[in-house]
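The structure displayed is predicted, hence computed values, not measured ones. What you see below is based on every heavy atom in this structure, not just the backbone, and it leaves out hydrogens, waters and symmetry mates.
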Amino acid sequence: MHTTLNQTPWPQRFLGLFQRFDGWLIAAILFLASLGLIAMYSAGFDHGERFGAHARNMLLAAAILFVVAQFPPQKIMLLAVPLFVVGVLLLLGVEVAGITRKGAQRWVNVGIVIQPSEIMKIAAPLMLAWWFQLRPPPLRATDFIVAALLLAVPVGLILRQPDLGTALLVLAAGLTVIFFAGLSWKLVAPPVLLGLGGIALIVAFGDTLCQSGVDWVVLHDYQKTRVCTLLDPYKDPLGKGFHIIQGMIAIGSGGVWGKGFMAGTQTHLEFIPERTTDFIFAAFAEEFGLAGTLALLMGFLFLIYRAFIIAMRAKTLFGRLMAAAVAMIFFTYAFVNMGMVMGVLPVVGVPLPFISYGGTAMVTLGLALGILMAVARDAAIEPPTIEFLARRQ
């Protein structure tokens, strides 16, 4: 046997798989993953095997990112319809034979127990991006109506579980795709203003509404309870308000520099509930203080910024919409989780990316980042075409 002179050695071929990876995006991911491992080691120190499982979940997510990034966005787009259909069927399966945990029916056993709503965080924006990529310009009102219906199906099924937090994430990602596809501000502004007005009314008259016993119509009883608890958690400090109160105490006690690694009293005396999942941010803030919190926040902001840069450089409409959706997914995750732990948003059960423990959520993030990296690699091959630039104007 002999080798030809032009045969590429396998180490060089392997390294070639990493060509055109976005270095800034990799740096942001590694930074946040490092903080996540540090936070989980401390928060989960006396909580079984959480640290080891968290590290394995990260490695699995990294493998998914690497594999997905090898495919051009045009190939990834082919997965949009089957992934969306499978996701919806699994959500219907939850309705029929779902597994109930902590009062919510969100899981289904398909050989392994999975949470189908996590799949829809990627499947829904992927489907919408596919839909708009196939529409001939200029887009018509019917195109946006169909997109709204495609989004309403998974959001409605997730709300029935009930899972308000995940429904908000899917809705935010989907609306981002619809907006960046070209939806007019004139249609976006009224519901936004209406929502802000509703929030203002709840803040101004929430106590009266909570005490009156009036039916809030648009909210389930448990959702109304969460809003009322947010407005005054000290009405039930050992019950429904316990999560918010202990989270705020932990964050406040961290001060500027924190109590130090493994030195959080609220964390290790087990005052913080769900300290390795939804409320791990409180444990992190207690041990690393305002300085650590700002570093974590800057890491997320840079990741989101980089995702929007990749969206701007994308060669296709599909790539631009998916990159923008990934940016919004991370923004919504971080904003909602930090907000609920600090007591400025209701507790809705949204994890903090890279930091909170959770296998399905970590796999979903790996898939999202893999798609983002694929868009970045595709854009790095050559500049966007003149036709695409003209379409963006």
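- Aromatic ring orientation, Phe21 versus Phe66: tilted (interplanar angle from 30° to 60°).
- Using modelled atom types and a 3.5 Å distance limit, the side chains of Arg275 and Thr267 yield no donor-acceptor pair.
- More than 12 heavy atoms of other residues, nucleotides or ligands sit less than 6.0 Å from atom CZ of Phe261.
- The ring pair (Phe, Tyr, Trp, His ring centres under 6.0 Å) test applied to Tyr357 returns no partner, not counting sequence neighbours.
- Qualifying salt bridge (Lys or Arg N to Asp or Glu O under 4.0 Å) partners for Glu287, counting only residues two or more places apart in sequence or in other chains: none.
- Under the 3.5 Å distance criterion, with hydrogens and angles disregarded, no donor-acceptor pair is assigned to the side chains of Thr360 and Gln115.
- At a threshold of 4.5 Å between side-chain heavy atoms, the hydrophobic network of Ile, Leu, Val, Met, Phe, Trp and Tyr places Leu60 and Ile119 in one connected group.
- Annotation: side chain of Phe242 is in contact with side chain of Pro273 (closest heavy-atom distance under 4.5 Å).
- Hydrophobic clustering (side-chain heavy atoms under 4.5 Å, transitive across Ile, Leu, Val, Met, Phe, Trp, Tyr) groups Leu89 together with Leu150.
- Note on Met338: it does not cluster hydrophobically with Leu294, by side-chain heavy-atom contacts below 4.5 Å among ILVMFWY residues.
- Under a hydrophobic-cluster definition in which Ile, Leu, Val, Met, Phe, Trp and Tyr are linked whenever side-chain heavy atoms come within less than 4.5 Å, directly or via other members, Ile145 and Trp131 are assigned to different clusters.
- Nearest heavy-atom pair, Pro73 versus Val375, reported as atom, atom and distance to 0.1 Å: CG-CA, 4.0 Å.
- For Asp163 (side chain) and Leu159 (main-chain N/O), no donor-acceptor pair under 3.5 Å exists by modelled atom type.
- Note that the CD1 atom of Ile29 and the CH2 atom of Trp24 stand 14.0 Å from one another [nearest 0.5 Å].
- Screening residues 295-312 for salt bridge (Lys or Arg N to Asp or Glu O under 4.0 Å) gives Asp22-Arg306 as the qualifying pairs, with residues at least two apart or on separate chains.
- Asp236 has its side chain out of reach of Thr229: every pair of non-hydrogen atoms, C-beta onward, lies at least 4.5 Å apart.
- Using a 4.5 Å heavy-atom cutoff, the side chains of Leu230 and Met340 are not in contact.
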Steps toward side-chain contact (heavy atoms from CB on, under 4.5 Å) verdict (Trp107, Ile114)
CA-CA 6 Å; Trp107 295 265; Ile114 62 172; over 6 Å; no
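- Closest heavy-atom contact between Pro116 and Leu91: CB-CD2, 3.9 Å.
- Separation of atoms CG (Leu171) and CE (Met328) is listed at 11.0 Å; rounding is to 0.5 Å.
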Where do Trp257 and Leu290 land on the side-chain contact (heavy atoms from CB on, under 4.5 Å) test, with the steps shown first?
CA-CA 6 Å; Trp257 303 109; Leu290 178 62; over 6 Å; no
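- The list of salt bridge (Lys or Arg N to Asp or Glu O under 4.0 Å) pairs with a residue in residues 337-360, not counting sequence neighbours, is empty.
- To the nearest 0.5 Å, atoms CG (Asn109) and CD1 (Ile99) are separated by 5.0 Å.
- Using the six-membered ring where Trp is involved, Phe331 and Phe335 have ring planes that are parallel, under 30° apart on the 30 and 60° scheme.
- When atom types are taken as modelled, the side chain of Asp143 and the backbone of Arg140 share a donor-acceptor pair closer than 3.5 angstrom.
- Considering only heavy atoms from C-beta on, Phe180 stays 4.5 Å or farther from Leu317 through its side chain.
- Here the closest heavy-atom approach between residue Ala334 and residue Pro353 is recorded as N-CD, 4.4 Å.
- For Asn57 (side chain) and Met362 (main-chain N/O), no donor-acceptor pair under 3.5 Å exists by modelled atom type.
- Not a single donor-acceptor pair under 3.5 Å links the side chain of Ser356 to the backbone N or O of Pro351.
- For Met262, the CE atom is densely surrounded, since the number of other residues' heavy atoms within 6.0 Å is greater than 12.
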Apply side-chain contact (heavy atoms from CB on, under 4.5 Å) to Leu365 and Tyr333, showing your working.
CA-CA 11 Å; Leu365 293 177; Tyr333 262 121; 3.8 Å; yes
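- The closest side-chain heavy-atom distance from Phe31 to Phe302 is not below 4.5 Å.
- Screening residues 135-168 for ring-ring contact (aromatic ring centres under 6.0 Å, His included) gives Phe132-Phe144 as the qualifying pairs, with residues at least two apart or on separate chains.
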N/O donor to acceptor pairs below 3.5 angstrom from side-chain atoms of residues 244-255, sequence neighbours left out:
from, atom 1, to, atom 2, distance (Å)
Gln246, OE1, Gln266, NE2, 2.9
Ser253, OG, Ile249, O, 3.1
Ser253, OG, Ala250, O, 2.9
Ser253, OG, Lys259, NZ, 3.4

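- To the nearest 0.5 Å, atoms CD1 (Ile329) and OG1 (Thr176) are separated by 8.5 Å.
- Closest approach of Ala181 to Leu139, counting heavy atoms only: O-CD1, 3.3 Å.
- Of all the heavy atoms in Ala39 and Ile355, the pair that sits closest is CB-CG2, 3.9 Å.
- Around the CZ atom of Phe271, the shell of radius 6.0 Å holds no more than 12 heavy atoms that belong to other residues, nucleotides or ligands.
- Taking each heavy atom of Lys315 and Asp378 in turn, the nearest pair found is CD-O, 3.0 Å.
- Hydrophobic cluster membership differs between Leu367 and Leu59, with clusters built from Ile, Leu, Val, Met, Phe, Trp and Tyr side chains linked at under 4.5 angstrom.
- Using a 30° and 60° split on the angle between ring planes, Phe354 and Phe300 fall in the tilted class, from 30° to 60°.
- The closest side-chain donor-acceptor pair between Ser42 and His268 falls under 3.5 angstrom.
- A distance of 6.5 Å separates CZ in Phe318 from CE in Met77, rounded to the nearest 0.5 Å.
- Side chain to side chain, Arg377 and Gln70 meet the donor-acceptor criterion of an N or O pair below 3.5 Å.
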Apply side-chain contact (heavy atoms from CB on, under 4.5 Å) to the pair Leu164 and Ile158, showing each step before the final yes or no.
CA-CA 8 Å; Leu164 178 60; Ile158 294 170; over 6 Å; no
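- Side-chain atoms of Leu79 and Phe84, non-hydrogen and from C-beta on, never get closer than 4.5 Å to each other.
- Remark: Phe330 CZ to Leu303 CG distance equals 5.0 Å, nearest 0.5 Å.
- Within the 4.5 Å cutoff, the side chain of Ile178 has no heavy atoms near those of the Leu321 side chain.
- The shortest side-chain heavy-atom distance between Arg50 and Tyr41 does not fall under the 4.5 Å cut-off.
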